[in-house]
Amino acid sequence: MNRNLFRPEHELFRDSVRRFLQQHVGPKLESWAERGCFDRAVFSIAGELGLLCPTVPEAYGGPGADLLYSAVVLEEAAPYSNFGLSLTMHSEIVTNYFLHFASETLKAKWLPRMVSGEAVAALAMTEPDGGSDVKAVRATALREGEHYRLNGAKTFISNATTCDLVVVVAKTDPAAGAKGVSLLVVDTTLPGVKKGSPLKKIGLKAQDTGELFFEDVMVPVDHLLGEEGRGFAYLMQELPWERLQIAVSAIAAAEDAYRMTVEYVRGRRAFGQAVADFQNTRFVLAELKTEIRIGRTFVDNCLQQLLQGELDAEAASMAKYWCSDLQCKVVDACVQLHGGYGFMAEVPIARAYVDARAQRIYGGTNEIMKELISRNL
């Protein structure tokens with residue numbers, strides 16, 4: 001497919017990302033999966049190579065580039081157990097909260113360290129009883145003089161066991177509903193911050209997903225992001241790009257699954273002919289190729305809207321749910337075309353199959369995406 005979205009400088013950056021993944025991620029995925037967590041040093045390497053936080057301005061040590069650089073990271077990392085989502089959680093999601101809402105003091109303190117990979121960042125939103133309902137968070141941050149006393153638990157947190165700072169969603173006014181939600185920047189070395197062990201997942205095993213616990217953590221008042229009580233509005237403002245990131249990785253992962261399956265069926269023989277020569281194989285692949293092309297066109301259009309400041313929550317929700325559904329459909333069909341080998345853990349398509357399933361859950365479940373879209377009917 002001819003894509004006019006990226007410029008030559010983006011493609012040069014893509015080459016750097018590809019080499020980084022080939023040298024520093026691919027060979028370690030298996031060992032990371034056994035541990036349930038990536039090596040902390042991979043962020044330092046990415047920082048040294050200039051692959052982190054591309055949108056951070058030069059004043060804070062970044063290149064001041066556009067969001068397409070992060071899209072490149074997501075696309076190239078999709079075949080590596082979607083490792084790009086760990087990188088962009090740090091580089092885009094948390095970074096954007098700093099760029100849009102943090103004080104100059106907080107920016108100067110954390111952004112240069114995030115660009116270099118010295119500090120790894122996370123966002124603590126989901127709670128054990130909360131799921132996709134952000135307004136229902138139970139964590140509290142009650143002001144006491146020049147500090148907030150933070151208490152609560154968070155789960156399914158990306159970069160949880162490796163993070164040095166975390167943006168925590170908490171209630172500063174528990175009686176005010178959505179208007180009582182605030183965002184706090186928490187240094188994970190503060191007393192009372194505890195990290196759980198990496199969670200054992202059926203897929204994305206090399207990613208760091210865990211729990212965070214806050215017990216009477218005294219967070220300085222100047223570590224509040226933006227205004228008190230505006231946290232829910234800030235979260236809603238950032239969610240379209242966060243959800244589009246999932247769509248970007250979903251389409252890239254679907255493309256990779258399709259590519260490896262075409263290669264496999266051309267070489268695999270059954271009943272005296274290549275599996276690719278059976279009409280059913282050709283028809284299945286033709287259908288997948290068409291739907292992937294449709295998804296790619298839609299995602300690229302959403303990225304163009306994002307660059308122009310025109311991406312709305314509805315389009316992002318559509319992209320997130322439809323592309324992650326498509327990813328799961330594609331990898332399922334590709335496993336079938338691999339036959340028994342597709343069910344073997346050491347075969348790449350098997351890993352792609354289990355890695356795909358979470359895409360329909362995190363970032364807001366696909367059912368929630370449909371609910372959001374339906375509100376504008």
Side-chain angles (χ1 to χ4, degrees), residues 1-26 42-100 107 110-121 238 240-256 259 292-293 295-311 315-316 319 323:
M1 178 176 172
N2 221 3
R3 303 176 69 190
N4 299 318
L5 188 63
F6 297 98
R7 300 187 300 275
E9 53 266 34
H10 293 121
E11 299 307 329
L12 287 173
F13 180 73
R14 188 184 299 276
D15 291 339
S16 297
V17 173
R18 192 170 293 166
R19 287 193 299 271
F20 162 75
L21 293 166
Q22 291 171 346
Q23 295 174 15
H24 302 288
V25 176
V42 74
F43 267 80
S44 297
I45 297 170
E48 290 173 6
L49 295 173
L51 307 184
L52 298 177
C53 308
T55 58
V56 170
E58 294 181 6
Y60 305 108
D66 61 50
L67 294 170
L68 290 180
Y69 286 85
S70 287
V72 167
V73 172
L74 288 165
E75 290 181 359
E76 293 302 315
Y80 297 85
S81 284
N82 273 353
F83 186 67
L85 294 175
S86 294
L87 294 172
T88 57
M89 166 57 70
H90 168 97
S91 291
E92 281 299 331
I93 295 178
V94 177
T95 294
N96 277 357
Y97 284 106
F98 271 84
L99 293 177
H100 297 160
K107 290 177 183 178
W110 288 110
L111 286 178
R113 297 171 63 191
M114 291 171 64
V115 171
S116 69
E118 177 190 349
V120 175
E238 298 302 315
W241 172 216
E242 294 171 20
R243 287 169 175 162
L244 182 58
Q245 291 177 46
I246 297 173
V248 170
S249 67
I251 286 298
E255 289 173 335
D256 186 67
R259 176 197 55 76
I292 291 171
R293 176 72 63 88
R296 165 59 63 209
T297 303
F298 181 34
V299 168
D300 280 2
N301 178 259
C302 286
L303 284 170
Q304 187 63 55
Q305 290 181 27
L306 179 72
L307 292 175
Q308 297 169 352
E310 298 173 356
L311 180 69
C323 293

Just how far is it from atom [atom1] of [X] to atom [atom2] of [Y], taken to the nearest 0.5 Å?
X      : Y      : atom1 : atom2 : result
His90  : Ser70  : NE2   : OG    : 10.5 Å
Phe13  : Leu49  : CZ    : CG    : 9.5 Å
Leu111 : Leu99  : CG    : CG    : 5.5 Å
Leu244 : Leu67  : CG    : CG    : 9.5 Å
Asn301 : Thr297 : CG    : OG1   : 9.0 Å
Arg113 : Glu118 : CZ    : CD    : 4.5 Å

For [X] versus [Y], what's the shortest heavy-atom pair and its separation?
X      : Y      : answer
Ser86  : Phe43  : O-CZ, 3.6 Å
Ser91  : Cys53  : OG-N, 3.0 Å
Ala254 : Ile292 : O-CD1, 3.7 Å
Lys107 : Phe98  : CE-O, 3.1 Å
Ala319 : Cys302 : CB-SG, 4.2 Å

List for me each residue that meets side-chain hydrogen bond (donor to acceptor under 3.5 Å, both in side chains) alongside [X], sequence neighbours excluded, and say none if there are none.
X      : result
His10  : Asp66
Gln304 : none
Gln245 : Thr88
Gln22  : none

- Message: Tell me which pairs pass side chain to side chain donor-acceptor pair (under 3.5 Å) where either residue lies in residues 47-65, with sequence neighbours left out.
- Response: Tyr60-Glu104

- Note on the structure: Sequence neighbours excluded, the answer for side chain to side chain contact (heavy atoms under 4.5 Å, CB included) partners of Ser16 is Arg19, Leu51

- Item | Partners passing side chain to side chain contact (heavy atoms under 4.5 Å, CB included) against Ala250 (at least two apart in sequence or in another chain) | Cys323, Gln327, Gln359

- Taking ring-ring contact (aromatic ring centres under 6.0 Å, His included) as the test, write out the residues that go with Phe298, two or more places apart. none

- Task: Under the ring-ring contact (aromatic ring centres under 6.0 Å, His included) rule, collect the residues that match up with Phe83, sequence neighbours excluded.
- Result: Trp32, Phe38

Close side-chain approach of [X] and [Y], heavy atoms under 4.5 Å:
X      : Y     : answer
Phe20  : Val42 : yes
Met114 : Val56 : no
Thr95  : Leu52 : no

- Task: For the pair Leu303 and Leu307, evaluate side chain to side chain contact (heavy atoms under 4.5 Å, CB included) and give the outcome as yes or no after the intermediate values.
- Result: CA-CA 6 Å; Leu303 284 170; Leu307 292 175; 5.7 Å; no

- Query: salt bridge (charged side-chain N to carboxylate O under 4.0 Å, His left out): which pairs involve residues 86-96, sequence neighbours left out?
  - Reply: none

- Message: Arg259: which residues meet the salt bridge (charged side-chain N to carboxylate O under 4.0 Å, His left out) condition with it, sequence neighbours left out?
- Response: Asp256, Glu263

Please report, to 0.1 Å, the donor-acceptor pairs under 3.5 Å made by any side chain of residues 72-82, with sequence neighbours excluded.
{"residue": "Glu75", "atom": "OE1", "partner": "Arg3", "partner atom": "NH1", "Å": "3.2"}
{"residue": "Glu75", "atom": "OE1", "partner": "Arg14", "partner atom": "NH1", "Å": "3.0"}
{"residue": "Glu75", "atom": "OE1", "partner": "Arg14", "partner atom": "NH2", "Å": "3.2"}
{"residue": "Glu75", "atom": "OE2", "partner": "Arg3", "partner atom": "NH1", "Å": "3.4"}
{"residue": "Glu75", "atom": "OE2", "partner": "Arg3", "partner atom": "NH2", "Å": "2.8"}
{"residue": "Glu76", "atom": "OE1", "partner": "Arg18", "partner atom": "NE", "Å": "2.9"}
{"residue": "Glu76", "atom": "OE1", "partner": "Arg18", "partner atom": "NH2", "Å": "3.3"}
{"residue": "Glu76", "atom": "OE2", "partner": "Arg14", "partner atom": "NH1", "Å": "2.9"}
{"residue": "Glu76", "atom": "OE2", "partner": "Arg18", "partner atom": "NH2", "Å": "3.0"}
{"residue": "Ser81", "atom": "OG", "partner": "Asp355", "partner atom": "OD2", "Å": "2.8"}

